[in-house]
Amino acid sequence: MTETPATPPRPPGATAALVLADGRVFWGQGIGAAGIRVGEVCFNTSITGYQEIMTDPSYAGQIITFTFPHIGNTGANAEDVETTTPAARGLVIRTDITQPSNWRALQGFDTWLKSNDLVGIAGVDTRALTRRIRDGGAPNGAICHAPDGNIDLDDLLGRARAWPGLEGMDLAIEVTTRQSYDWTETRWQLGRGYGQLATTTRHVVAVDYGAKRNILRTLAEHGCKVTVVPATATSEEILRHQPDGVFLSNGPGDPAATGAYAVPVIQQLIETGVPVFGICLGHQLLSLALGGKTAKMALGHRGANHPVKDLETGKVEITSQNHGFRVEPESLPDGVVVTHVSLFDGTNEGIRLTGKPVFSVQYHPEASPGPQDSHYLFERFMRLIDQKATRHG
């Protein structure tokens, strides 16, 4: 039986603590909203993009540890968000949040955290915490910000140990849209901001398992009328929109749990011959629909510097990733081709279905860490749509 680590002495003025399910305690200064949050403690290695990370629906149920020490120094704005209501449980950072120093900043990051009811802790040895996650896997944890200093470690430990964990948890149902809507905003440009779709040449139905706005913007940028539907939409409801293509979005939680209702729908869509493109959770759900299996990862991939090799071209892309589950490539049946792999650990990063206009990737091609290494995947989706239209024209 693993011994519970000794609790470090409480430093003077501590207003926050992170308690892991193994009993490890990290003291610090509270940031953002006051309160207690419980979730899986993961780490992200990105240097920039903290506002997008905190608002990415895929982080539902997670407390994010940022390995880069200077988080918050560019402030916050109204544009760099991926959803209206952040689903992340909280954040852990190394140094105190400084005053913003960026021409786009509208408010300080701490103020933004408070306005979004996000609880955080600063002053943590994030290297030590990251090593703990690396060596032992992502633990459950409870984070407490108490401005009055009233912190009950035993209560936090009990909460962390009682939390069921992400495995078997369907979180897509919590972050998906409740009703269908049209998306018309296009990608951001310097001096213009976000644009609006003027003319459409294709119609894509996006199934929202926790979709990032920038994915929807990228589809619109390619001239697509985008209709967003809930994660629970049936194939009949999707096809009623007469889509030229169907997009399966990113999202949080265990794909096997979400697959209970998503997989039969995806299988029915594939049978119709409509082009299908999946990203992240959408990739995992597509793999399940094709007969594959998924599994929980010890660490997951979260960051903006992940090299991925395209096995069909030999090219290497620098990608943005955020996933804690993986597709088991050996479980994929004949006819499903592995197209991309991680050069970090060999994890499956992409598939395509032979003879059908169906493909997916594990990473986020709408992001720009490379800076635009993976944008070709959206163009591939457009070509598949256009080829099908030409054959049936």
Side-chain angles (χ1 to χ4, degrees), residues 56-58 60 82-83 170-173 175-177 180-181 183 202-220 222 224 226-239 241 243-292 294 321-323 325-327 332 336 339-340 348-353 356-367 374 377-378 380-382 384-385 388:
D56 182 347
S58 294
E82 295 292 355
T83 190
D170 174 24
L171 290 173
I173 201 72
V175 299
T176 186
T177 182
S180 300
Y181 63 93
W183 181 271
R202 310 170 184 93
H203 182 198
V204 170
V205 169
V207 185
D208 176 19
Y209 303 113
K212 293 172 63 178
R213 289 179 174 179
N214 217 33
I215 295 176
L216 304 179
R217 293 183 188 115
T218 305
L219 290 169
H222 283 82
C224 294
V226 181
T227 302
V228 184
V229 300
T232 54
T234 65
S235 58
E236 291 80 7
E237 290 168 338
I238 293 170
L239 295 172
H241 293 283
D244 298 313
V246 175
F247 172 73
L248 309 176
S249 87
N250 64 292
D254 188 337
T258 304
Y261 54 84
V263 162
V265 173
I266 297 170
Q267 290 172 333
Q268 291 161 12
L269 292 172
I270 293 171
E271 284 300 312
T272 69
V274 65
V276 176
F277 176 29
I279 287 177
C280 198
L281 180 61
H283 163 70
Q284 297 162 356
L285 292 172
L286 177 61
S287 298
L288 290 172
L290 294 173
T294 56
Q321 301 205 14
N322 170 25
H323 63 103
F325 290 81
R326 67 173 183 267
V327 172
L332 295 169
V336 180
T339 58
H340 297 74
N348 174 261
E349 297 286 350
I351 61 168
R352 64 176 174 84
L353 180 58
K356 293 269 192 179
V358 175
F359 73 107
S360 61
V361 290
Q362 180 63 76
Y363 52 96
H364 283 267
E366 83 288 349
S374 307
L377 292 162
F378 287 94
R380 177 181 295 176
F381 187 36
M382 298 305 114
L384 290 174
I385 289 174
K388 185 174 187 296

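What's counted below: heavy atoms across the whole structure, side chains too, no hydrogens, waters or symmetry copies. If you're wondering where the values come from, they're calculated on a predicted model, not measured in any experiment. Each residue takes its place number in the sequence, starting with 1.
Taking every heavy atom of both residues into account, Pro357 and Gly273 meet most closely at CG-O, 3.5 Å. Here the closest non-hydrogen pair linking Ser249 and Tyr209 is OG-N, 2.8 Å. A pairwise comparison of heavy atoms in Pro255 and Phe325 identifies CD-CG, 3.5 Å as the closest pair. In plain terms, the two heavy atoms of Pro252 and Leu171 that are nearest each other are CG-CB, 3.6 Å. Asn250 approaches Cys280 most closely through the heavy-atom pair CB-CB, 3.6 Å. Nearest heavy-atom pair, Ala211 versus Pro57, reported as atom, atom and distance to 0.1 Å: O-CG, 3.9 Å.
With hydrogens and angles ignored, the 3.5 Å screen pairs no side-chain donor or acceptor of Asn348 with any backbone N or O of Val327. With hydrogens and angles ignored, the 3.5 Å screen pairs a side-chain donor or acceptor of Gln267 with a backbone N or O of Ala289. Side chain of Thr339 to main chain of Gly350: a donor-acceptor pair is present (N/O by atom type, distance under 3.5 Å, no hydrogens or angles). Gln284 places no side-chain N or O within 3.5 Å of a backbone atom of Thr294 that could act as its donor or acceptor partner.
Counting only heavy atoms from C-beta outward, the side chains of Asp244 and Lys388 never approach each other to under 4.5 Å. Looking at heavy atoms from C-beta onward, Leu239 lies out of side-chain contact with Gln268 at the 4.5 angstrom threshold. At least one side-chain heavy atom of Leu219 sits under 4.5 Å from a side-chain heavy atom of Met382. For the pair Trp183 and Arg213, the minimum side-chain heavy-atom distance is below 4.5 Å.
Interatomic distance, CD of Glu349 versus OG of Ser360, reported as 10.5 Å (0.5 Å rounding). From Ile351, atom CD1 reaches atom CG of Leu286 across 4.5 Å, with rounding to the nearest 0.5 Å. Separation of atoms OG (Ser374) and NE2 (His340) is listed at 7.5 Å; rounding is to 0.5 Å. For the atom pair Leu269 CG and Ile238 CD1, the distance stands at 5.0 Å (nearest 0.5 Å). The CG atom of Leu285 lies 13.0 Å from the CD1 atom of Ile279; values are rounded to the nearest 0.5 Å. Rounded to the nearest 0.5 angstrom, Gln362 CD and Asn322 CG are separated by 9.5 Å.
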Inset, instruction - For Val204 and Phe277, run side-chain contact (heavy atoms from CB on, under 4.5 Å): C-alpha distance rounded to whole Å, both residues' side-chain angles, the deciding distance at 0.1 Å, then the answer. - result: CA-CA 10 Å; Val204 170; Phe277 176 29; over 6 Å; no
Legend entry - Steps toward side-chain hydrogen bond (donor to acceptor under 3.5 Å, both in side chains) verdict (His203, Thr227): CA-CA 8 Å; His203 182 198; Thr227 302; 2.7 Å; yes
Inset, instruction - Output, in order, the C-alpha distance, side-chain angles, deciding distance and verdict of side-chain contact (heavy atoms from CB on, under 4.5 Å) for Val226 and Phe247. - result: CA-CA 10 Å; Val226 181; Phe247 172 73; over 6 Å; no
Inset, instruction - Carefully, step by step, assess Ile266 and Val207 under the rule side-chain contact (heavy atoms from CB on, under 4.5 Å). - result: CA-CA 10 Å; Ile266 297 170; Val207 185; over 6 Å; no
Inset, instruction - Take Thr177 and Asp208 through the test side-chain hydrogen bond (donor to acceptor under 3.5 Å, both in side chains) and record every step on the way to the result. - result: CA-CA 7 Å; Thr177 182; Asp208 176 19; 4.9 Å; no
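Partners of His364 under the ring pair (Phe, Tyr, Trp, His ring centres under 6.0 Å) rule, at least two apart in sequence or in another chain, do not exist in this structure. Residues meeting the salt bridge (Lys or Arg N to Asp or Glu O under 4.0 Å) test with Glu366, sequence neighbours left out: Lys212.
Using a 30° and 60° split on the angle between ring planes, Phe378 and His222 fall in the parallel class, below 30°.
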